[in-house]
Every structure is written in C-alpha cells, then in structure tokens.
Number of protein chains: 2
Amino acid sequence: MTKPPMRDALVAAAFQLFLERGYEQTTVDDIVALAGVGRRSFFRYFPAKEDVVFPDHERCLADMTAHLAASAEDADPVGRVCDAARMVLLMYAENPAFSVQRYRLTKKVPGLRASELSVVWRYQRALAAYLRGRFADRPDGTLQADVIAAAVVAAHNNALRSWLRSDGQGDATTAVDHALDLVKATFGTPPTPLDRDEPGPGPGPGSESESASEDVVIVVSRRGVPMWRVVQEIESALTTRPQN
Amino acid sequence: MTKPPMRDALVAAAFQLFLERGYEQTTVDDIVALAGVGRRSFFRYFPAKEDVVFPDHERCLADMTAHLAASAEDADPVGRVCDAARMVLLMYAENPAFSVQRYRLTKKVPGLRASELSVVWRYQRALAAYLRGRFADRPDGTLQADVIAAAVVAAHNNALRSWLRSDGQGDATTAVDHALDLVKATFGTPPTPLDRDEPGPGPGPGSESESASEDVVIVVSRRGVPMWRVVQEIESALTTRPQN
DNA sequence: GGGTTCGATGGCACTCAGTGCGCTACCGCT
DNA sequence: AGCGGTAGCGCACTGAGTGCCATCGAACCC
C-alpha cells in the first residue's frame, strides 16, 4: 500500500517485454530476470501472469464498492451507479499511455481478454449488488438491477474503448458522460420525482438545459414506442431549436 | 458432427469426476484414464480443460449467428436479438440436469466462471454485431447496439440463473420471456415507428402485442425539465392504463 | 551488544495444463 | 495387395503456479 517498488518494477518490466515480444512470448522468468528479482516474488505480488496487466483494478474495485456503500439511501440509484462507472474511467484516464498500451494488448491476446472480462464482471456485479439493494422493494428488482448494471457497464465500455482506440486523444469524460446520459435517460428515475423542481446541486454533468423559461415541448407518440425513440425525439426537439 | 462417441465419453467421465472430487482436484489424466483413452486425445476434442464443461456452446453460438444472419432486414432488431437469446435458453433447457450440474460447478470454481464469461461475452458480441449492422444509420448506433445487447444478455442470464438455482424446476421459458419482454419494452421499437401503423408480419414470439392500436400518448413538459423526469412521466402514462 | 522474532525475499522441486512430433492402426479407394 | 488419409496414442518438452525451506535484514527486547 505505502511503498512497494517491487510491484512497480515488475509491472514496468512486464510491459516492456510484452510490447517488445508480445505477451505469450514473454515468460515469467523473462520478467523477473529483467526486474532483477526472484521468480517466486512475482507470484507473491500477482496471483497469475495475467494480473500484472491490470495492476490497479483491485484498488479501483474497492473504491467503487466503497463509493456505492457510502451513497446509502439518498440519491437516485441509477445516477449513483453511473458515477461509480465514471470512477473506473478516471482510473483509466490517470495514465492514458498505459491504458492505451494495455488496450492494445488485451485486444490481441485472447487470454488477456478473458482476464479483462473477469475484471469487468466484478465491476458489473458490484453495481448490480448495489442496485439490487436499492430495488429490493420493486417487483422485478433483481432483474432491473442486473439489466441496468449491464447497460451501464456496456455504455461505459463503449465510450471508453472508442477513446482508447483513438490513442487516448481528446476528452474521455465527455464521451462517457454522453453514453451514461443515454442510459440514465432510458432507465434513470429521479430520486424524488414529485417534490422537487430544481435539479439541485450536482445532478451530474449530464443535462445542459439551463433555460428555465416555460418553453413547452409537446411529444406525441404511439403506445408501444418505448423510451428510447421517445427520448431521441425529445432530445432532438430540445436541441434543434436552441432559441425561442 | 455426426457421431463422435469419444467426445461424449470424455464429457461424461469429466463430469463424473468433477462432481466426485471437484474440478481442480481432477486432472486431465484422471479424465482420460476413466474414459479409457489417451491423454493427447482429450486436447484434440477440447482446446483446454475448461472447455469440456461447455461442450455445445460452440454449436449454439454458430446457430445463433446463423439465425441473426438469416433475419436480414425484415423485422425489428430488438425482437430478433431476443429470439436469439431464447435459442441459448433452449440449449440449456434441452438437458436440465446437465445444465444444473454445470451451473453448480461454475458457481464454485472461479476458473470456470471466467470461462463462462468468455462464452457469454461471445454471445453478447454476436448480438451487438448484429445490432450494430441494423443501427448503422442511427446517430449513436454502436452505443445503442452495445447497450441493448448487454441488456438482453443480462436479462436472459438473470432468468436463466434463477431457473438453474431452482434445480431446473418449472418452465424456464416463461421467466426468460418475461425478462426479455421487459427489455423489449424498454428498448424495443416497432420496425418503422412513423410510417407504418401496423406492426407488420412476425413481430416475434415475444410480445403478445397488447395494443397494436394507435394509442397516442401526449406529453407536455416544460423545457429544462431533465430527461428522466420526462421519461418517468411517459412511463407512468404508459403503464397506468393497461387496457383501452 | 547480542539474541530473537518477524517479514520479505530467493531458491529449489514438484504438479499439471497444453503442445509438437512421430508412430501405429484402421478405413476406404483403386 | 498397395496406398493415402485420418484417428488415436505415447513421449518429451515448455511454462504457469505452488509448497517448502533457507536466507537476510530490520525492528525489538533483555
């Protein structure tokens, strides 16, 4: 936690070799030889060779669960879950170069993709567990929780991957915010839908819409046309006429 | 394809030993000894030890992609994807006892859970790829495709797992249908929402098409009201009057 | 200071998954 | 019969992961 330079040395040596010769062409002996440590020490710090590729996901997962546990009962659950997903993005954005390298690795090596899936799955389960708690009273609570968690993770990953694919250029948060806004628009329900008119402090970087005037939007839609399409129409209606 | 009894013998021997001593306590040598075949033959039929646990997923995935490719341009994409998910359920329901055993195994052994994740991920990618093709013209097409695919898989798995948890008792399809209906109600859009009033031929075995009529929902809202607020009102308007 | 305990590390030796290669046996074909 | 292809088998090898013990250093106690 405080000072393990050995861990960092192993990660650095591993990535250097992975980029040079590829993941599967690099043995653990190669890594420890380059790092100048004993082979046994590698497995002291990483339970498996693949885990050296995701060095800080364990910490990030702990942060996320802590964040979810902290947001006990107050706000709208979907927003909280989206915030939790944003935390993961921040971890990626901390080291863009490293994240891009890792992305290229996981893209090529099937074994690493499986490892990444495991990690992502744990994030998704954490989100779903939180939502299950919040939706305990709803009729299809666990189903909704699982679906929303999956949607949040998928949206987050979609935006994250497109950012990684562009070599970490540009702002990652805007794309992720947009993706999560779409999810929030689909599933999101305000914390107290009836007793507040002001969005309150920090409703997230989502909706711009500061025009507090009484402009009226009328949406006409057939039944059976669900949210999605409706949301799109409303969005376009809101944005195509920026004035008046 | 036609008759490889060796494959089946290996699967049978493997599951017998897995249930007796557990997965990790069973070596490949044990399996091939019980099956009475050579060790090398095991890896001819299964690329890895874990793959013996999911013997027919490869075929099922092929069937699913074929089904998606067949439904070229006609029906609503979300319904098609839900049908594809139902195909997976059918594979599980073919052998309830086997599926339940496998579920218990994958629940206990982390390595097997990782393998299952890989398999599920491939299903999800197949669905997403199909949807991406269908949503190619939409603005956030790939994002919507990824999110919907994730939601479909999550809903399917939620229902499937609850069925497996109950030892395969009862009807699996009803629970899955209900879960997928929820997804369809959230994302599903009739094929052409604006230029057609009839849902068209074959809206899929899913929705019982509660109202093909031209029910109209009119939403009046102030500008500046955040999206979720609007969505919630529409939702309540859509659900509070189930008939007429 | 000397001994001691404890934690971190290194060094083996071992199991087992997975692979490459060569050999044999069987099956269909001409 | 001869012959090619294929399915199975045995063997040897690499490499990941583990258990066990020796070592070293730092704090700690008397």
Side-chain angles (χ1 to χ4, degrees), chain A residues 1-18 20-55 57-58 105-106 108-119, chain B residues 1-18 20-55 57-58 105-106 108-119:
Chain A
M1 189 69 96
T2 55
K3 286 199 353 98
M6 190 152 184
R7 233 185 109 92
D8 304 344
L10 284 170
V11 172
F15 267 81
Q16 176 181 336
L17 292 175
F18 290 166
E20 279 179 22
R21 337 176 183 170
Y23 176 79
E24 327 205 59
Q25 282 68 44
T26 304
T27 74
V28 176
D29 297 83
D30 298 335
I31 299 173
V32 296
L34 180 59
V37 302
R39 164 187 165 78
R40 200 63 182 79
S41 299
F42 181 93
F43 292 103
R44 249 180 263 277
Y45 283 93
F46 304 100
K49 180 187 171 189
E50 327 148 354
D51 295 317
V52 80
V53 184
F54 310 95
H57 270 295
E58 213 62 38
L105 272 181
T106 57
K108 285 187 191 288
V109 184
L112 289 183
R113 235 178 326 168
S115 292
E116 193 188 28
L117 281 182
S118 261
V119 175
Chain B
M1 190 70 95
T2 56
K3 297 267 312 159
M6 189 150 185
R7 231 185 112 93
D8 303 344
L10 284 170
V11 172
F15 267 81
Q16 176 181 337
L17 292 175
F18 290 165
E20 280 180 20
R21 340 177 181 170
Y23 175 79
E24 328 204 60
Q25 283 67 44
T26 304
T27 73
V28 176
D29 298 83
D30 297 336
I31 300 173
V32 297
L34 180 59
V37 300
R39 164 186 165 77
R40 199 62 180 78
S41 299
F42 181 93
F43 292 103
R44 246 178 270 266
Y45 283 93
F46 304 99
K49 181 187 171 189
E50 328 148 353
D51 295 317
V52 79
V53 183
F54 311 95
H57 269 297
E58 213 62 39
L105 271 182
T106 56
K108 285 187 192 290
V109 183
L112 289 183
R113 233 175 328 161
S115 292
E116 193 188 28
L117 280 181
S118 261
V119 175

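To find a chain, count down the sequence lines: A is the first, B the second, and so on, and within it residues start at 1. What you are looking at is a predicted structure, and each value in this text was computed from that prediction instead of being measured.
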Nucleotides bounding contact with chain A, strand DNA chain D, heavy-atom threshold 4.0 Å: D/dG15 to D/dC20
Residues that B/Asp30 engages under salt bridge (Lys or Arg N to Asp or Glu O under 4.0 Å), provided they are two or more places apart: B/Arg21
Side chain to side chain, B/Phe18 and B/Ile31, heavy atoms closer than 4.5 Å: yes
Close side-chain approach of B/Phe43 to B/Val28, heavy-atom, < 4.5 Å: yes
B/Glu50 CD to C/dG18 C1', straight-line distance once rounded to whole Å: 11 Å
Neighbours of DNA chain D within residues 24-35 of chain A, by heavy-atom distance under 4.0 Å: A/Thr26, A/Thr27, A/Val28
Please list, pair by pair, any protein nitrogen or oxygen found under 3.5 Å from a nitrogen or oxygen in nucleotides 9-11 of chain C.
| from | atom 1 | to | atom 2 | distance (Å) |
| --- | --- | --- | --- | --- |
| C/dT9 | OP1 | A/Tyr45 | OH | 3.3 |
| C/dT9 | OP2 | A/Tyr45 | OH | 2.8 |
| C/dG10 | OP2 | A/Gly38 | N | 3.0 |
| C/dG10 | OP2 | A/Ser41 | OG | 2.3 |
| C/dG10 | N7 | A/Arg44 | NH2 | 2.8 |
| C/dG10 | O6 | A/Arg44 | NH2 | 3.3 |

Minimum side-chain heavy-atom gap A/Tyr23-A/Lys49 below 4.5 Å: yes
Atom pair CG/CG of A/Asp51 and A/Leu112 - distance to nearest 0.5 Å: 10.0 Å
Pairing residues for A/Arg44 by the side chain to side chain donor-acceptor pair (under 3.5 Å) criterion, not counting sequence neighbours: none
Spatial distance of atom CD (A/Glu24) from atom NZ (A/Lys108) [nearest 0.5 Å]: 12.0 Å
Residues in side chain to side chain donor-acceptor pair (under 3.5 Å) contact with B/Glu58, at least two apart in sequence or another chain: B/Arg122
Runs of at least three Watson-Crick or G-U pairs with DNA chain D, cut-off 3.5 Å: C:1-30 with D:1-30
With sequence neighbours excluded, residues passing side-chain contact (heavy atoms from CB on, under 4.5 Å) with B/Val11: B/Phe15, B/Phe46, B/Val52, B/Pro55, B/Phe98
Listed partners of A/Ser115 passing side chain to side chain donor-acceptor pair (under 3.5 Å), at least two apart: A/Glu50
Under 3.5 Å donor-acceptor, B/Asp8 side chain and B/Pro5 backbone: no
Would you give me the side-chain donor-acceptor pairs under 3.5 Å for residues 32-41 of chain B, sequence neighbours excluded?
| from | atom 1 | to | atom 2 | distance (Å) |
| --- | --- | --- | --- | --- |
| B/Arg39 | NH1 | B/Asp29 | OD1 | 3.4 |

